[in-house]
2 protein chains.
Amino acid sequence: MNEIQVMESKEKAHGCKCEECILKNLIFNYVPDEDSYILCNVKREQSFKKGEIIVKQNSPIVDFFYIKSGIVKLSKVTESKRNHIISIAKPHDYTSLLTVFHGKNYAYTMTAIEYTEICIFPLNLIIDLVMRHGSFGIGLLKKSSKTADDIIDRFIQNNSRNLRGRIAMTLLDFSFNIYKSHIYELPVSRKEIAELIGMTTENVIRILSEFRKEKIIKINGKEIEIVDFERLKMISDRG
Amino acid sequence: MNEIQVMESKEKAHGCKCEECILKNLIFNYVPDEDSYILCNVKREQSFKKGEIIVKQNSPIVDFFYIKSGIVKLSKVTESKRNHIISIAKPHDYTSLLTVFHGKNYAYTMTAIEYTEICIFPLNLIIDLVMRHGSFGIGLLKKSSKTADDIIDRFIQNNSRNLRGRIAMTLLDFSFNIYKSHIYELPVSRKEIAELIGMTTENVIRILSEFRKEKIIKINGKEIEIVDFERLKMISDRG
DNA sequence: ATCAAGGAATGATTTTTATCATAAAACCAT
DNA sequence: ATGGTTTTATGATAAAAATCATTCCTTGAT
């Protein structure tokens with residue numbers, strides 16, 4: 001109890017109240033009080049409704065984002081005008097890690113796909129903090145390389161599967177990594193799933209219907225219930 | 001002349017002799033002499049013949065690699081035993097940037113696909129340097145996020161093209177970014193190209209033959225000459 | 001020099017996936 | 001509520017790509 005009280009008072013003093021905040025913990029662990037105090041006071045929190053754009057591809061980079069709650073998609077339009085979803089990010093991800101340190105403009109559009117709360121820090125301050133506290137830099141490097149590796153891995157996994165395998169993989173991903181439940185509300189349209197795994201909308205719909213007919217899942221609009229987990233896993237693995 | 005002499009003496013003193021070394025420059029710019037001295041003295045250089053493995057997927061991470069000369073492929077075997085080439089890296093790339101900061105084991109196998117010289121640093125030392133000199137951390141973060149963004153971009157570009165477009169893109173990539181010439185010796189087999197752009201070996205061969213018959217390129221074994229640059233570009237863009 | 005093994009090449013065939021067409025259902029703004 | 005738009009749905013067809021089969025050509029090891 002004593003420890004908790006100490007933490008609480010410390011948090012109050014810093015203006016950062018979220019206990020599970022990885023960024024905050026990263027800062028607290030390595031950065032002296034006076035610095036984390038500045039950071040916590042400067043940060044602003046902003047909430048976004050489902051569908052709202054948090055930041056647009058090609059707009060100048062000024063801020064560093066941290067997802068406090070909700071779900072966010074990172075997407076990108078190519079020269080050929082096609083839209084691609086790079087990843088679906090969840091709470092405690094730093095969606096800004098890619099690009100922000102080397103680019104002038106955001107490479108990806110960030111959109112809330114559920115009600116989302118974002119913590120926003122001026123990038124300058126983050127950079128300044130890394131400058132003065134190398135260990136914080138190590139922390140960011142760790143997160144950064146993990147984020148990149150995960151995204152690359154998803155691409156490889158996706159590309160080595162046929163369409164049924166991709167859909168199965170996606171449904172399992174939502175179930176395991178996002179909602180931690182066998183029944184959930186899809187936060188994206190069939191079209192967005194298509195953009196995420198690189199296939200046509202028609203085929204996404206068709207294969208979801210197949211899975212329904214094969215009694216692997218139940219569908220009710222956007223609600224998905226995984227009924228035959230084993231088979232779905234098999235399709236994801238073999239497919 | 002005077003300046004060059006100064007540089008030379010400084011380089012001698014540090015045991016790092018490569019003028020174009022980005023890593024060295026990064027260190028020199030931000031790290032005091034005594035530290036860069038340690039790093040340069042500890043580093044070892046190693047050369048690899050075409051085909052030799054530099055480091056294997058899943059082996060424990062101990063070193064940080066920097067490509068001094070040559071060309072290297074990063075590849076990964078998935079659970080389904082399929083081999084995927086993630087990227088082709090050239091001199092002055094830090095191929096280690098992905099994974100090394102967060103993982104226990106290398107996520108990718110590094111193989112020399114031409115005679116290659118690698119500078120090898122104990123990762124601990126790099127981390128220690130970031131700890132003590134935040135600006136060096138910023139430098140690595142920049143390189144790291146750039147590397148990741150480039151790889152992700154290549155995946156997106158690749159996935160939004162048909163097979164002819166992918167081959168065209170690859171041939172142009174070798175021409176522009178690696179060999180800076182319209183005529184070059186392919187450093188990889190048709191099978192490896194297939195693993196790089198996610199298609200079958202037969203189709204790689206077939207489409208190369210098509211391009212030859214359509215007089216877009218000339219083929220002589222591994223030697224490729226781009227004859228009709230415009231058409232190749234068009235196929236890469238539209239395809 | 002010879003043989004085995006892998007790489008390159010090409011055709012025929014099958015499978016997979018995209019495209020086109022149409023319609024019902026859900027959603028939104030007035 | 002109503003009309004318009006987007007999303008979901010399904011079928012038919014065309015196009016793209018993988019697979020299978022066979023041959024030739026290189027290359028490296030003995």
Side-chain angles (χ1 to χ4, degrees), chain A residues 49-52 73 80-85 111 113 158-171 185-214 217-225 235-236 238-239, chain B residues 49-52 73 80-85 111 113 158-171 185-214 216-224 235-236 238-239:
Chain A
K49 276 178 249 165
K50 186 182 171 78
E52 279 188 323
K73 70 171 177 184
S80 53
K81 312 282 180 220
R82 232 196 304 212
N83 196 44
H84 298 262
I85 298 180
T111 312
I113 58 176
N158 189 61
N159 287 349
S160 57
R161 281 171 167 77
N162 65 21
L163 300 193
R164 282 170 63 94
R166 291 180 194 185
I167 296 283
M169 181 180 102
T170 305
L171 294 178
E185 197 84 5
L186 271 179
V188 288
S189 66
R190 316 291 197 253
K191 176 155 167 285
E192 285 172 305
I193 294 179
E195 290 171 348
L196 177 65
I197 58 185
M199 51 191 278
T200 58
T201 309
E202 292 97 316
N203 278 332
V204 172
I205 293 168
R206 214 185 303 276
I207 289 166
L208 282 173
S209 297
E210 281 176 26
F211 286 177
R212 176 173 46 71
K213 283 171 199 157
E214 296 166 22
I217 59 173
K218 282 182 187 163
I219 304 178
N220 191 350
K222 296 243 190 238
E223 190 187 274
I224 299 286
E225 183 184 347
I235 294 169
S236 171
R238 309 258 152 108
Chain B
K49 277 179 247 165
K50 188 182 169 78
E52 279 188 323
K73 70 170 176 183
S80 53
K81 311 285 181 217
R82 233 196 305 208
N83 196 46
H84 298 262
I85 298 180
T111 312
I113 57 176
N158 189 60
N159 287 350
S160 57
R161 282 171 167 78
N162 66 20
L163 299 194
R164 282 170 63 93
R166 290 180 194 185
I167 296 283
M169 180 180 104
T170 305
L171 294 178
E185 197 84 5
L186 271 180
V188 288
S189 66
R190 315 292 197 254
K191 177 157 166 284
E192 285 172 305
I193 294 179
E195 288 170 349
L196 177 66
I197 57 185
M199 50 191 279
T200 58
T201 309
E202 293 97 317
N203 278 333
V204 172
I205 293 167
R206 215 186 304 275
I207 288 167
L208 283 173
S209 298
E210 282 176 26
F211 286 176
R212 176 173 47 71
K213 283 170 199 156
E214 296 165 22
I216 298 170
I217 59 173
K218 282 182 186 164
I219 305 178
N220 191 350
K222 296 242 189 240
E223 190 187 272
I224 299 286
I235 293 169
S236 172
R238 310 260 153 107

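The sequence lines fix the lettering, A, B, ..., with proteins before strands; numbering per chain opens at 1.
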Which pairs would a plain distance check flag for residues 198-206 of chain B, meaning a side-chain donor or acceptor within less than 3.5 Å of a matching protein atom at least two apart in sequence or in another chain?
from   : atom 1 : to     : atom 2 : distance (Å)
B:T200 : OG1    : B:N203 : N      : 3.4
B:T200 : OG1    : B:N203 : ND2    : 3.3
B:N203 : OD1    : B:R206 : NE     : 3.1

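- The CG atom of A:N158 sits 11 Å away from the P atom of C:dT17 (whole-angstrom rounding).
- Side-chain atoms of A:R161 never come within 3.5 Å of backbone atoms of A:M169 as a donor-acceptor pair (strictly under, hydrogens ignored).
- The CZ-C1' distance, from B:R212 to C:dT10, rounds to 10 Å in whole Å.
- Here C:dT19 presents its C1' atom at 13 Å from CZ of A:R82, a figure rounded to the nearest Å.
- The CZ-C1' distance, from B:R161 to C:dA18, rounds to 18 Å in whole Å.
- No side-chain heavy atom of B:K218 sits under 4.5 Å from any side-chain heavy atom of B:I224.
- With a 4.5 Å cut-off on side-chain heavy atoms, A:I85 and A:E192 count as touching.
- In this structure, the side chain of A:R166 engages the main chain of A:N158 through a donor-acceptor pair within 3.5 Å.
- Remark: B:K222 is in phosphate contact with C:dA8, judged by side-chain N or O atoms under 4.0 Å from OP1 or OP2.
- Among the nucleotides C:dT17, C:dC20, D:dT19, the one closest to any side-chain atom of A:N162 is C:dT17.
- Looking at residues 203-210 of chain B, you'll see B:N203, B:R206 sit with a heavy atom under 4.0 Å from some atom of DNA chain D.
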Starting from the C-alpha separation in whole Å, work towards a yes-or-no answer on salt bridge (charged side-chain N to carboxylate O under 4.0 Å, His left out) for A:R164 and A:E214. CA-CA 12 Å; A:R164 282 170 63 94; A:E214 296 166 22; 3.0 Å; yes
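- Rounded to an integer number of Å, the gap from NZ of B:K213 to P of C:dA9 is 10 Å.
- At a threshold of 4.0 angstrom between heavy atoms, the contacts of A:R164 with the nucleic acid are absent.
- Atom P of nucleotide D:dG28 and atom NZ of B:K50 are separated by 11 Å, given to the nearest angstrom.
- Using a 4.5 Å heavy-atom cutoff, the side chains of A:F211 and A:I219 are not in contact.
- Following rounding to the nearest Å, B:K49 (NZ) and D:dG28 (P) show an atom-to-atom distance of 12 Å.
- If you check residues 187-201 of chain A against DNA chain C, the residues with a heavy atom closer than 4.0 Å are A:M199, A:T200, listed by number.
- Remark: side-chain polar atoms of A:K50 are paired, donor with acceptor, to backbone N or O of A:P187 under 3.5 angstrom.
- Between the side chain of A:K222 and the main chain of A:E185, no donor-acceptor pair closer than 3.5 Å is present.
- Atom CD of B:E202 and atom P of C:dG6 are 16 Å apart (whole Å).
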